[in-house]
Amino acid sequence: MKAALKALLEQVVINLKKDGVLADDVNPKIVIEHTRDPSHGDFASNLAMMLAKAAGQKPRDLAEKIVAALPENNDIDKVDIAGPGFINFFMNANTLTSVIPAILDAGEVYGHSTIGNGKRVQVEFVSANPTGPLHVGHGRGAAYGAAVADLLAAAGFQVHREYYVNDAGRQMDILCASVWVRYLSLCGALPDLDYLPANGYKGDYVWDVAAHLHRNNGDKFQKQWSDISQELPADEPDGGDKEKFIDAVINMAKEQLGAEDYRFIFDTGLNYILDDIRDDLAHFGVVYEEWFSERSLTDNGLVKDAVERLQKTGHVDEREGALWFKSTDFGDEKDRVLVRANGQSTYFASDIAYHMNKLERGYDQVIDVWGADHHGYVPRVRAAMEAVGDDPSKLHVLLVQFAILYRGKEKMQMSTRSGEFVTLRQLRKEVGSDAARFFYVMRKCEQHLDFDLDLAKSKSNENPMYYIQYAHARVCSVLRQLDEKGFTHDQEAGFESLDKLSEPHEQALMTTLSKFAELVEKAALNHEPHQLAHYLRDLANDFHTYYNAHQFIVDDEVIRNARLCLIKATKQVLQNGLGLLGVSAPDEM
RNA sequence: GCCCCCGUAGCUCAGUAGGAUAGAGCGCACCCCUCCUAAGGGUGAAGUCACACGUUCGAAUCGUGUCGGGGGCACCA
């Protein structure tokens, strides 16, 4: 509808140019918006105010000329000029009610659009190191990334969801060493059964991996700890060089086990945890097209290629034995190391290779959903892309702020040690997947999120997710009642009598429904699922208000058919909207 | 020190590609079921949109600066 009005006004501008009211070189951006106040009609345009200066006329005088030049249109009831020069459009009743058949005919795909034009978008999100289970911070990235991806898909983009698996690097070696030490403990080969290097991974899941390893392989990987420990430097948990110690343990493990067995334990830990993450995310309604291995970048020589490609640009030099990318040439605050003096490439080098690879795969847009703590990382990745001549505008980095858990007023401690729940799995178990998905996307991503567990579990209208689901369940309940009372709903007949929907509550509900498709587009393009969350809350509110004011199952067949069309359309939009956020729409509660 | 985010009702937050009297939930004061789920609805009180200057016919929204709150700075990943 907006588009149609826009087209009309574009025609007006052409006509006014012909009449000499406007100069030929004036090309205004035509804006049509929904009015906030019904007395201002259904839509409004500020065109007259925008053009007043160029035309050398008072806004209201110009508005008169615009209205006079407006082509005939059957959908428009009345056009008013108001305030400083707004042009208000009052649409006729059919325009509003037409949304109902539009929704019911399209069904599950109502709200989908083609604005994305089939462009290929890659969305990379979560990508947590597979060194332990996902925690509640990752949960926000998961819910947010999944919602953005689903919104983009609904808006007509071709979406590729990807998880970057950091299956190489020191953190994974530390995990491997931790698993091995726990394993030795299970073999009874450690003097102190609870012994672990100060910098090792302490979570219980490490025991699980070790037990898994022991169950399937017996004592195969057992070595004499007394021999090993003699050659290790001192571990210094209290501020000493525990880094050095864990590195020594890693090297010792490699030496004692041999490359093959070391890799086996390494991969056992990796796969065990990755399976756990996959399972966790699947239960959270988050699925990927691809799990991209960091190790594959090195194995396929892509990291080497990336460094060489950068070197050819002349923005790399060697200092103190290391290879540096001169990212300061592109506005970064300092240069960054690509290859360390010890010959190992940095995580940054892998990441450059990964991003080059993404673009080589031909995506029109690459979206990275990162934790806010990575923000310092953005300029250097952009710099690398610029250096090699890739288009940095294709890269969108969405930084997700931290979520803080509250139980009522009480802020929860988020330490792994304390045993207070920190994993996504525990959160899902406590509040359910639906509430978790919804609460995570209620705020825009750059906003700190206070996640109130008590609220997420409460069954009242304080809890927006419950309130929205309840609206859906209520419609279902009405439809069940209809059946029990022996009525049927003739939808086609209802379509013929939509003009009976003249109550203010019905008008308000239809107006809200008519904004859905546009809202999905906007939420998708701006990467703002929270807009959808708020919209659904408003829609549910309109419905509950209507429900309280009017009966749907009435004796008058004509009205009954029309009203049931309206609430069925409401149900459909609630279901579609919740679906985009990964939240279920239950039939009863 | 440099960089990023935030500052709107007592509380938690919408609204920011500039538009008409700034919205919602909670909380507070009242009111509404012989009726499809009261897990609901309605009415009311409540604001110098942190502050200042600037751009504009018009600023919560854009720009600059100040003040407050949070986060980030590695040859870690």
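The shown structure was predicted, so the numbers you read here are calculated from the model rather than taken from an experiment. Every chain is numbered from 1, with letters handed out A, B, ... down the list of sequences.
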Just N and O in the side chain of [X]: are any of them under 4.0 Å from OP1 or OP2 of [N]?
X: A/Tyr466; N: B/G25; result: no
X: A/Arg474; N: B/A38; result: yes
X: A/Thr131; N: B/A77; result: no
X: A/Lys334; N: B/G1; result: no

Checking [Y] against [X]: is there a side-chain donor and acceptor pair closer than 3.5 Å?
X: A/Tyr467; Y: A/Asn541; result: yes
X: A/Arg474; Y: A/His544; result: yes
X: A/His40; Y: A/Asn88; result: no
X: A/Glu162; Y: A/Tyr354; result: yes
X: A/His34; Y: A/Glu518; result: yes
X: A/Gln171; Y: A/Tyr201; result: yes

Got a second to check how far A/Tyr546's OH is from A/Phe552's CZ, nearest 0.5 Å?
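The OH atom of A/Tyr546 sits 5.0 Å away from the CZ atom of A/Phe552.
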Can you measure from OG (A/Ser477) to CG (A/Asp587) and round to the nearest 0.5 angstrom?
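So the OG of A/Ser477 and the CG of A/Asp587 are separated by 10.5 Å.
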Is the number of heavy atoms from other residues, nucleotides or ligands under 6.0 Å of [X] [atom1] greater than 12?
X: A/Gln311; atom1: CD; value: yes
X: A/Asp555; atom1: CG; value: no
X: A/Lys304; atom1: NZ; value: no
X: A/Lys457; atom1: NZ; value: yes

Rounded distance in Å between the [atom1] positions of [N] and [M]:
N: B/G71; M: B/A59; atom1: C1'; value: 29 Å
N: B/U8; M: B/G1; atom1: P; value: 25 Å
N: B/G19; M: B/U64; atom1: C1'; value: 24 Å
N: B/A9; M: B/C13; atom1: C1'; value: 11 Å
N: B/C26; M: B/A39; atom1: P; value: 15 Å
N: B/U56; M: B/U61; atom1: P; value: 16 Å

Report, one pair per line, the protein and nucleotides 56-63 of chain B atoms (nitrogen or oxygen only) whose separation is under 3.5 Å.
{"from": "B/C57", "atom 1": "OP1", "to": "A/Lys53", "atom 2": "NZ", "distance (Å)": "2.6"}

Give the nucleotide from the list [options] with an atom nearest to the side chain of [X].
X: A/Arg336; options: B/A74, B/G25, B/A77; value: B/A74
X: A/His375; options: B/C76, B/C36, B/C3; value: B/C3
X: A/His374; options: B/A77, B/U12, B/C26; value: B/A77
X: A/Ala44; options: B/A20, B/C3, B/G41; value: B/A20
X: A/Arg443; options: B/A20, B/A77, B/A14; value: B/A14
X: A/Gln171; options: B/U21, B/C76, B/G72; value: B/C76

Pairs under 3.5 angstrom, nitrogen or oxygen only, protein versus nucleotides 28-35 of chain B, please.
{"from": "B/C35", "atom 1": "O2'", "to": "A/Gln551", "atom 2": "OE1", "distance (Å)": "3.0"}

Per-pair distances, 0.1 Å, donor-acceptor, side chain in residues 49-58 of chain A, under 3.5 Å, sequence neighbours excluded:
{"from": "A/Gln57", "atom 1": "OE1", "to": "A/Lys65", "atom 2": "NZ", "distance (Å)": "2.9"}

Mind calculating the distance between [atom1] ([X]) and [atom2] ([N]) to the nearest angstrom?
X: A/Leu338; N: B/A77; atom1: CG; atom2: P; result: 13 Å
X: A/Arg140; N: B/G71; atom1: CZ; atom2: C1'; result: 13 Å
X: A/Gln469; N: B/G40; atom1: CD; atom2: C1'; result: 16 Å

Among residues 521-535 of chain A, which residues get a heavy atom nearer than 4.0 Å to RNA chain B?
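Here the set is A/Lys522, A/His530, A/His534.
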What are the residues of residues 341-357 of chain A, sorted by number, that bring a heavy atom to within less than 4.0 Å of RNA chain B?
A/Ala341, A/Tyr347
Across all strands shown, which nucleotide pairs with [N] by Watson-Crick or G-U wobble geometry, both distances under 3.5 Å?
N: B/C73; value: B/G1
N: B/G68; value: B/C6
N: B/G27; value: none
N: B/C35; value: none
N: B/A45; value: none
N: B/A60; value: none

Report which part of the nucleic acid [X] touches: base, sugar-phosphate, or nothing (heavy-atom distance under 4.0 Å, all strands).
X: A/Asn541; value: sugar-phosphate
X: A/Ser477; value: base
X: A/His550; value: base
X: A/Ala322; value: base
X: A/Ala549; value: nothing

Report the residue from A/His374, A/His396, A/His355 that forms a side chain to side chain donor-acceptor pair (under 3.5 Å) with A/Asp368.
A/His355
Close aromatic pair by centroid cut-off 6.0 Å: A/Tyr535 and A/Phe516:
yes
Provide the closest heavy-atom pair for A/Val441 versus A/Ala147 in the form atom of the first, atom of the second, distance.
CG1-CB, 4.2 Å
Write down the atom of A/Met510, the atom of A/Leu566, and the distance for their closest heavy-atom approach.
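Taking every non-hydrogen atom into account, CG-CD1, 3.6 Å.
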Where does B/C53 fall, syn or anti, if syn means a chi angle no more than 90° from 0?
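Anti.
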Parallel under 30°, tilted from 30 to 60°, perpendicular over 60°: which one fits the rings of A/Phe348 and A/Phe325?
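Ring orientation, 0 to 90° scale: tilted.
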Parallel, tilted or perpendicular: ring planes of A/His534 versus A/His530, cut at 30 and 60 degrees
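Geometry flag for A/His530 against A/His534: perpendicular rings.
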Produce the list of close N/O pairs, under 3.5 Å, pairing protein atoms with atoms of nucleotides 5-10 of chain B; give distances to one decimal.
{"from": "B/C5", "atom 1": "O2'", "to": "A/Glu446", "atom 2": "O", "distance (Å)": "2.7"}

Short side-chain to backbone donor-acceptor contact, A/Asp335 and A/Thr328, under 3.5 Å:
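Yes; at least one donor-acceptor contact below 3.5 Å.
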On RNA chain B, does the nearest nucleotide to A/Val478 precede the nearest nucleotide to A/Arg340 from the 5' side, or the other way round? Give the residue.
A/Val478
For A/Arg480 and for A/Ala540, locate the closest nucleotide of RNA chain B by heavy-atom distance; then report the residue assigned to the nucleotide nearer the 5' terminus.
A/Arg480
When you compare the ring of A/Tyr547 with the six-membered ring of B/G40's base, are the centres less than 5.5 Å apart and the planes under 30° from each other?
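Stack criterion not met.
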N/O donor-acceptor pair, side chain A/Asn88 with base B/A20, under 3.5 angstrom
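Check passes, donor-acceptor contact within cut-off.
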